[in-house]
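Remarks on the structure that follows.
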Amino acid sequence: MKHTDIKEIITNPSFIGKTVTVCGWVRTARNSKNVAFIELNDGTSLKHLQIVIDKTSDIEYENALRLGASVKVEGTVVEARQAAVEINASSIELIGDCPLEYPLQKKRHTLEFLRTMPHLRGRTNTFNAVLRVRSVLAESIHRYFQNRNYVYINTPLITGSDCEGAGEMFQVTTIGYSQDYKTEEDYYNDDFFGKRAGLSVSGQLEGEVAAMALGKIYTFGPSFRAENSNTPKHLAEFWHVEPEVAFAELPDIIEMAEDMLKTVIRELLDTCKDEMQFFDDHFEKGIIERLEELISHDFGVVSYTDAIKLLQESGEDFVYPVSWGCDLQTEHERYIAEKVFKKAVFVTDYPKEIKSFYMKQNPDGKTVAAVDLLVPGVGEIIGGSEREADYDKLVAAMNERSMNLSLYSDYLDLRKFGSVPHGGFGLGFERLIMYVTGVSNIRDVTLYPRTVGSIR
Ligand code: 4AD
């Protein structure tokens, strides 16, 4: 179907005076005495294109005035008020009619209401902007790593080993409920892979394999977590950016994470001006200025031990009590980012008991070289570490956790054959989108959210 993107017509003045064909969905329609107006949107732009119909002409337009209908319009591009352009229609064709039960009748619907119709909410301004920001940021992230000699790796989604060791893996099986098996062993022997398998919670372990050959790699794909966390920032299926770097220690990883975030947010502010203004107007007043501030200052850095002291001395009445050794809850993370530092802050060197087996053990014997990045409004968006590169220390940490070493033989081999200091992190892509848009529920920054108790 030959037609021009509305984005091109709106942004390129050379279309003025030309005859064009556009397609799109009717966002609003007004009928006055001699003229009718349609606000048309084809998804390529947050801004709509106004179609002007001379009712005294012989254009058949009545059916095209229905909200949600899809239409094809031919006409001339003319200048309109406020440096905009509009189309003087010469013909209108109804492509797909839309009856009155079309649910998006109001100008603004609540996000909760829109969640009940993921197949239609993409046609609202909010989701138009969110999905474009996702797309632009994804491309920026790829470009950041590609320009710096990182290799993009596709790690397996089905795995036999649990990376985080937190027992949050969805199981992959072709058998399902059955009373035919007396033992677990019998069941898994008969299953597709001949052993227990699940959906990967992180591509890190295989990412390390690739980094030990290619030096600098990153992954960008889905991760799955069967966490029973019904919160505004947890999804069962989320997109995960995981760089992994050889010959790198924790400070190198922190420096790269900060530089990457600043670079991609700069590109977002430059590329998505309309979308970011929309979020500033409708979701978080001043968000553009806050992001500008963020990228023009150093991020904070604080050790876990000092963060605990800050929380204990805060005088705040936290729901979860604070003591050395406790896991930081969202309320603690947000207090540190929002009240103490008032910016993004890296928290480093957590107690080894609350972190994963693979993290480098610090000389104090109590902490590991871990890092989380906390941001105002969301809390943790990045989790990473330097990895334990010493074979014996890694085996000891795995044994302390009663892990089945035979499932991790490839991973352990890396520590035998030319082991090097290395590290990386995982950035939750949806958490980043929440942070840069001010949209406060993770269900509203992805096309089809998967959360506990809900799938569509
Ligand atoms: O802190 P996490 O669990 O770290 C890892 O998975 C490491 N293997 C990453 C690495 O070092 N390569 O997860 C990393 C990030 C979190 O900071 C968060 O942004 C996001 O992944 N994340 C989730 N996002 C949405 N829903 C969930 N259920 C998430 N769980 C983690």
Side-chain angles (χ1 to χ4, degrees), residues 134 137 141 145 150 153 155 157 159 161-170 199-211 216-246 248 250 252-254 256-257 260-261 327-328 330 333 337 344-348 350 354-360 368-375 377-388 408 411 422-436 439-446 449-452 454:
R134 269 189 85 110
L137 269 178
I141 289 170
F145 289 119
Y150 285 71
I153 299 289
T155 50
L157 301 185
T159 178
S161 56
D162 181 356
C163 171
E164 293 306 305
E168 287 165 351
M169 270 215 291
F170 284 101
L199 292 179
S200 180
V201 298
S202 158
Q204 179 197 323
L205 301 190
E206 294 85 358
E208 284 187 51
V209 168
K216 302 203 288 186
I217 67 96
Y218 70 105
T219 71
F220 193 160
S223 284
F224 306 89
R225 304 237 169 144
E227 278 171 283
N228 199 356
S229 300
N230 203 348
T231 80
K233 58 179 218 179
H234 286 92
L235 288 174
E237 176 182 300
F238 68 97
W239 280 69
H240 211 169
V241 180
E242 296 189 276
E244 192 68 36
V245 191
L250 192 65
D252 304 311
I253 299 304
I254 292 177
M256 184 262 284
M260 189 269 279
L261 280 178
D327 216 348
L328 295 183
T330 300
E333 294 174 346
V345 50
F346 291 106
V347 180
T348 65
Y350 284 72
I354 59 170
K355 288 291 183 186
S356 301
F357 70 96
Y358 53 71
M359 296 190 177
K360 184 181 164 60
V368 285
V371 61
D372 282 357
L373 178 67
L374 315 181
V375 296
V378 181
E380 179 199 328
I381 64 168
I382 279 181
S385 72
E386 186 175 336
R387 319 305 186 191
E388 184 50 78
Y408 299 83
Y411 193 70
H422 66 287
F425 64 80
L427 164 69
F429 191 49
E430 284 78 14
R431 299 235 181 126
L432 175 64
I433 306 295
M434 290 169 73
Y435 177 57
V436 298
V439 173
S440 57
N441 195 311
I442 200 162
R443 292 165 178 78
D444 302 324
V445 296
T446 186
R450 271 81 181 83
T451 52
V452 57
S454 157

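Whatever order the structure lists ligands and atoms in, that order sets their numbers, starting from 1.
By the 3.5 Å distance cut-off applied to N or O atoms, Phe238 is not counted among the residues near ligand 1. Looking at Ile381 next to ligand 1, an N or O pair under 3.5 Å apart turns up. Considering backbone and side-chain atoms together, Glu244 places no N or O closer than 3.5 Å to any N or O of ligand 1. Any N or O atom pair closer than 3.5 Å counts here, and Gln204 shares at least one such pair with ligand 1.
Counting only distance, with no hydrogens or angles, the side chain of Glu168 and the backbone of Ala226 share no donor-acceptor pair below 3.5 Å. Judged by distance alone, the side chain of Arg134 and the main-chain N or O of Ile433 form no donor-acceptor pair under 3.5 Å. Remark: side-chain polar atoms of Glu430 are paired, donor with acceptor, to backbone N or O of Trp239 under 3.5 angstrom. The backbone N or O of Thr219 sits nowhere less than 3.5 Å from a side-chain atom of Tyr150 that would complete a donor-acceptor pair. Between the Glu386 side chain and the Leu250 main chain, a donor and an acceptor come within less than 3.5 Å of each other. When atom types are taken as modelled, the side chain of Thr446 and the backbone of Pro449 share no donor-acceptor pair closer than 3.5 angstrom.
For atom 26 (N) of ligand 1, the closest heavy atom belonging to the protein is Leu235 N, 2.9 Å. Among protein heavy atoms, the minimum distance from atom 12 (N) of ligand 1 is reached at Glu242 OE2, 2.7 Å. Distance from atom 11 (O) of ligand 1 to its nearest protein heavy atom, with residue and atom name: Arg387 NH2, 2.9 Å. Annotation: atom 17 (O) of ligand 1 to nearest protein heavy atom, Glu380 OE2, 2.5 Å. The nearest heavy-atom contact from the protein to atom 15 (C) of ligand 1 is Gly426 O, 3.5 Å. Among protein heavy atoms, atom 7 (C) of ligand 1 sits closest to Glu164 OE2, 3.2 Å. For atom 18 (C) of ligand 1, the closest heavy atom belonging to the protein is Arg431 NH1, 3.4 Å.
You'll find the ring centres of Tyr411 and Tyr358 outside the 6.0 Å limit. Here Phe220 and Phe145 keep their ring centres 6.0 angstrom or further from each other.
No side-chain N or O of Tyr350 forms a donor-acceptor pair with one of Asp327 less than 3.5 Å apart. Using a 3.5 Å distance cut-off with no hydrogens or angles, the side chains of Ser223 and Arg225 do not pair a donor with an acceptor.
The shortest heavy-atom distance from Ile442 to ligand 1 is under 4.0 Å. Using a 4.0 Å heavy-atom cutoff, Gly424 is listed among the residues neighbouring ligand 1. The closest approach between any non-hydrogen atom of Glu237 and ligand 1 is not below 4.0 Å. The shortest heavy-atom distance from Glu430 to ligand 1 is not under 4.0 Å.
Contact atoms of ligand 1 toward Gly384: 11 (O) (distance under 4.0 Å to a heavy atom of the residue). Every atom of ligand 1 is numbered from 1 in the order shown, and the set under 4.0 Å from a heavy atom of Gly428 is 15 (C), 19 (O), 20 (C), 21 (O). Under a 4.0 Å criterion applied to the non-hydrogen atoms of Lys233, ligand 1 contributes the atoms 25 (C), 26 (N). Close approach to Ile382 involves these atoms of ligand 1, each under 4.0 Å from a residue heavy atom: 17 (O). Taking every non-hydrogen atom of Ser202 and a distance limit under 4.0 Å, the qualifying atoms of ligand 1 come out as 6 (O), 8 (N).
A salt bridge links Lys233 with Glu333: the distance from a Lys NZ or Arg NE/NH1/NH2 to an Asp or Glu carboxylate oxygen falls below 4.0 Å.
Residue Met434 does not touch ligand 1, judged by heavy-atom distances below 4.0 Å. At a heavy-atom distance under 4.0 Å, only side-chain atoms of Arg225, from C-beta outward, approach ligand 1. Only the side chain of Tyr358 comes within 4.0 Å of ligand 1, judged by heavy-atom distances.
More than 12 heavy-atom neighbours from other residues, nucleotides or ligands sit within 6.0 angstrom of CG on Asn230.
Considering Val345, Leu427, Leu261 as possible partners of Leu373, the one that fulfils the side-chain contact (heavy atoms from CB on, under 4.5 Å) test is Leu261.
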Side chain to side chain contact (heavy atoms under 4.5 Å, CB included) assessment of Val347 paired with Leu374:
CA-CA 7 Å; Val347 180; Leu374 315 181; 3.6 Å; yes
